[in-house]
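Only one structure is covered here, and it is reproduced in the block below.
Note that the structure is a prediction, hence the values are computed from the model and not measured. Numbers here are sequence positions counted from 1.
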Amino acid sequence: MPPSMSLTSVASLALLALLAATAECDGECEDTHMVQVFGRKLNSSRLGSCRPDDQVRWPCETPGVNSLALQVVNSDRGSMSCAGDNIATIRALNIDTGDYANICELPQGICVNACGIDPTSNLAFCASRPGDENLLRIDCDFTGKLVELADKSAAGTLSSFTPVQGDVCFYGLLADTFQGAFDVAGNFWFLQSTARVFRITSATLGMLSGASTPTQPPTPPIPGAVPNQDEFLISANVGNVADIVAIESDFEGTTQEYLVGCFRDSTPNAPKVWVQQVSGVTDPNSPPLPIELTITSGGNPQGSAGATWSFQNRIFCAYNNAGQGVYEPLLSTAQIMGIQGGRRVGSVAVAFRSPSDPTASNDGMNCITAVPPFPPFPSTSSTTTAVGASDGDPHIHTLDGEHYLLLSQGSFSFWHYSGVDAEVQSKKVPVDFEVFAHYSGHSSYTKGLLLVDRSGASAQASHQIMELTAEDCRWRAKTPDGSWQLVDKPVLLANSEDEDEMTAFNVARSKGQKMHVEFMMKSGAGSFKKIGTLYATCKPHHHMNMKMAMFSQDDVHLVKGQVGPHGHETGRGYRSDHLPAASLLETTGQKLRRDQDFLTKKDWTELGGSASAKAYLKQVDEEGIALLQSQSCSKEAEVASRATCSKFLGNPATPQETFRGPWTTFQETFQDCIFDVCTGGGEA
């Protein structure tokens, strides 16, 4: 801009340009309003209204779609400047061919980088550049196209998908950056220059409001987004790291949060992985030394890794150069050998996971809690995540991939973890966590959850207990005096024996899922290690769904209960050929079980629950046979149910197609919907 023109003048010109365009069109123009900002024209009719009610969430709850590895690519690839005709597109990787298909197109004139999807809200954010350096929300509305997106992704035909038109909203100033990522708690981390790490907390992000034009100086910046505000100083050069992810890992012995990026060092010419611990920092000016791990086996990728993804704490780096592809750093193989030049140095192995076409002016983003689309770790790995869940009537999904419909009511052992010791120095305590679920009514809806920590060396050890029912959908914890108190904010509830806190429930906040509970145990040096996380969604006076995510695949064999690995065993099923809904069961591939081996004979209070919850569950329990045993479903009703599900999920072209990998759960979800609607459900 000319030296005599102030930033305030630019803002005024932008507003006048918008008003003038509006006046000329008199409300009749389509997609022609333009706003002049920093010499670039932004299409104002493609800028979202930015009201909270108009936020478009990324479909991270839709199986198949949520596992897409995405790149945001700017068409202007020549320099750090942003041309007025730049078009940023969001593209999805075909892991078989390495092609990237355009699925969403942002308004012309906007350049973005440092992108990520907040796992607590499923909102997607980027940093806009250059000149206006704003935090930017990007909205891509896939309503009615989710099934097409999943189908074409599974079939490898995403190139024929017609991209949706995206919108943007500006949230405020931040330091210039091109490396950013969200952690599982919804904090946004990003790098600036070569020696600073910044964090915009989830709480701060939740209080920000969007606007249709960029925020400009001297407007105050976003708290935590400029120097001297909630930053960590790093002693090593990170300028070659083009993208980062935020993960939790115990590769150093205790579970910590790290920022990780892949790069190629010029001196010596070698591929490396940069790792920076950001948890447990007491002095921001003296954080743990960064780690540089030289890749010594599994591949020798060349050039820059411009897009990096994390799926369930697994890291995938897409190298921009032709023929390099996607590599996964295996942090469990990391060996730290010493300190050199203000950083810890060592080695790490990688594994090639898929081809990836060359890209530039790009950045990676994805749903970080979703199932990875890439091949799994070898069986010796210790950081793969596994998930078990219950939803609907309920439909049970086990940790080893089984899927069945429960045909019973009562209190069941949903998840039981034991057979390992918590350890502090020479002291060991046997771990014993159990989650009970109570299913009520003829439809066997989930009405109650009871979390019991029996860990301890003696039968007299005090138990830590939490409870959630569909009566009011509020977590409660049992106090030492036997009373119950509400748990409505994050807290660590530790089970103690001899005053040592060996195990705990860590209650944390999730925007979309209220509160989630992490199961923790002491290990090695005495810090807590996460075993798994229980997520629950609850509709008051109706029912709840829950999901248990294991932190390590190596711990799955220690799990018993409904979601534990069943080894595809036989003899636990229930004959369905005599039921009125038999044809529907066959069509949707439903298995039935009564799970009598997981049914407990104790009542709710004997398990450790409250008397008030016991009374509520007794009230909602129903006498008689399960609804499924008396509910029929005609072919006409089945067709109508499919139409209802398609209305919300889309219309799969080949409903009988068997999806591979993570898309299997998408097909199961669609069939679950048909079954539930046809046997008594409907639109809410």
Side-chain angles (χ1 to χ4, degrees), residues 183-185 187 246-258 277-280 312-313 369 382-388 399 414-425 427-436 449-457 461-468 475-480 487 489-510 513-536 546-556 558-559 561 563 608:
D183 63 23
V184 292
N187 301 308
I247 66 162
E248 290 182 347
S249 176
D250 61 355
F251 82 98
E252 291 188 273
T254 60
T255 301
Q256 302 289 348
E257 184 171 8
Y258 298 91
Q277 180 182 330
V278 292
S279 60
Q312 297 181 350
N313 289 313
T369 62
S382 61
T383 54
T384 304
T385 305
V387 177
L399 291 167
F414 178 70
W415 177 86
H416 188 188
Y417 180 86
S418 61
V420 68
D421 290 336
E423 182 177 358
V424 175
Q425 297 178 351
K427 181 176 181 178
K428 294 184 178 181
V429 168
V431 174
D432 191 344
F433 286 113
E434 190 160 12
V435 177
F436 294 96
L449 283 177
L450 191 67
L451 284 55
V452 182
D453 181 3
R454 307 189 198 89
S455 304
S462 59
H463 295 173
Q464 190 67 246
I465 300 176
M466 294 185 65
E467 181 181 80
L468 177 71
W475 280 107
R476 290 175 172 83
K478 195 171 186 177
T479 64
V487 179
K489 60 183 178 181
V491 64
L492 184 73
L493 301 174
N495 193 5
S496 62
E497 181 181 279
D498 299 331
E499 299 182 352
D500 289 326
E501 297 178 341
M502 304 293 284
T503 57
F505 296 133
N506 184 37
V507 185
R509 187 176 300 281
S510 300
Q513 298 163 315
K514 294 188 179 179
M515 311 288 284
H516 65 258
V517 182
E518 299 171 344
F519 295 75
M520 315 290 288
M521 60 176 279
K522 290 284 182 68
S523 64
S527 60
F528 275 117
K529 169 188 175 181
K530 184 166 67 175
I531 300 168
T533 303
L534 176 70
Y535 300 93
M546 59 274 195
K547 175 176 70 175
M548 174 60 73
M550 297 292 294
F551 182 75
S552 172
Q553 181 73 41
D554 287 351
D555 288 337
V556 170
L558 298 172
V559 177
V563 297

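Put simply, CH2 on Trp475 and CG on Leu468 are 5.0 Å apart, with the number rounded to the nearest 0.5 Å. Here CG of Asn313 is found 10.5 Å from OG1 of Thr369. Values are rounded to the nearest 0.5 Å. Here the NE2-OG1 distance, from His516 to Thr533, works out to 5.5 Å after rounding to the nearest 0.5 Å.
Of all the heavy atoms in Ala494 and Ala504, the pair that sits closest is CA-CB, 3.7 Å. Taking each heavy atom of Val431 and Ser455 in turn, the nearest pair found is CA-OG, 3.4 Å. Taking each heavy atom of Glu257 and Ser279 in turn, the nearest pair found is N-OG, 2.8 Å. Taking both residues in full, the closest heavy atoms of His416 and Phe433 are given as CD2-O, 3.0 Å, listed atom of the first, atom of the second, then distance. What you find for Val487 and Ala477 is that their closest heavy atoms are CG2-CB, 3.7 Å. The minimum heavy-atom distance between Asp250 and Lys529, with the atom names listed, is OD2-CE, 3.7 Å.
Side-chain atoms of Lys522 and Phe528, non-hydrogen and from C-beta on, do get closer than 4.5 Å to each other. Leu558 is listed as a side-chain neighbour of Val420, based on a closest heavy-atom distance under 4.5 Å. Looking only at side-chain heavy atoms (C-beta outward), Glu252 and Gln277 come within less than 4.5 Å of each other. Inter-residue side-chain proximity for Trp415 and Phe436 is flagged as unmet; no heavy-atom pair is nearer than 4.5 Å. Residues Leu449 and Leu534 form a side-chain contact, since some pair of their non-hydrogen atoms from C-beta on lies under 4.5 Å apart. Within the 4.5 Å cutoff, the side chain of Gln464 has heavy atoms near those of the Phe505 side chain. The shortest side-chain heavy-atom distance between Met466 and Val517 falls under the 4.5 Å cut-off. The shortest side-chain heavy-atom distance between Met548 and Tyr417 does not fall under the 4.5 Å cut-off.
Residues passing the salt bridge (charged side-chain N to carboxylate O under 4.0 Å, His left out) test with Lys530, sequence neighbours excluded: Glu248, Glu518. For Asp432, the salt bridge (charged side-chain N to carboxylate O under 4.0 Å, His left out) partners at least two apart in sequence or on another chain are Arg454.
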Next item on the list: Please lay out, stage by stage, how Val278 and Tyr258 fare under the test side chain to side chain contact (heavy atoms under 4.5 Å, CB included).
Entry: CA-CA 6 Å; Val278 292; Tyr258 298 91; 6.0 Å; no
Notebook entry, point to check: Does the pair Ile465 and Leu450 meet the rule for a side chain to side chain contact (heavy atoms under 4.5 Å, CB included), with working shown?
Noted result: CA-CA 7 Å; Ile465 300 176; Leu450 191 67; 3.7 Å; yes
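Each of Leu451, Thr503, Asp453 was evaluated against Phe519; a single residue qualifies, Leu451, per the side chain to side chain contact (heavy atoms under 4.5 Å, CB included) test.
With hydrogens and angles disregarded, no donor-acceptor distance shorter than 3.5 Å links the side chain of Asp421 to the backbone of Glu423.
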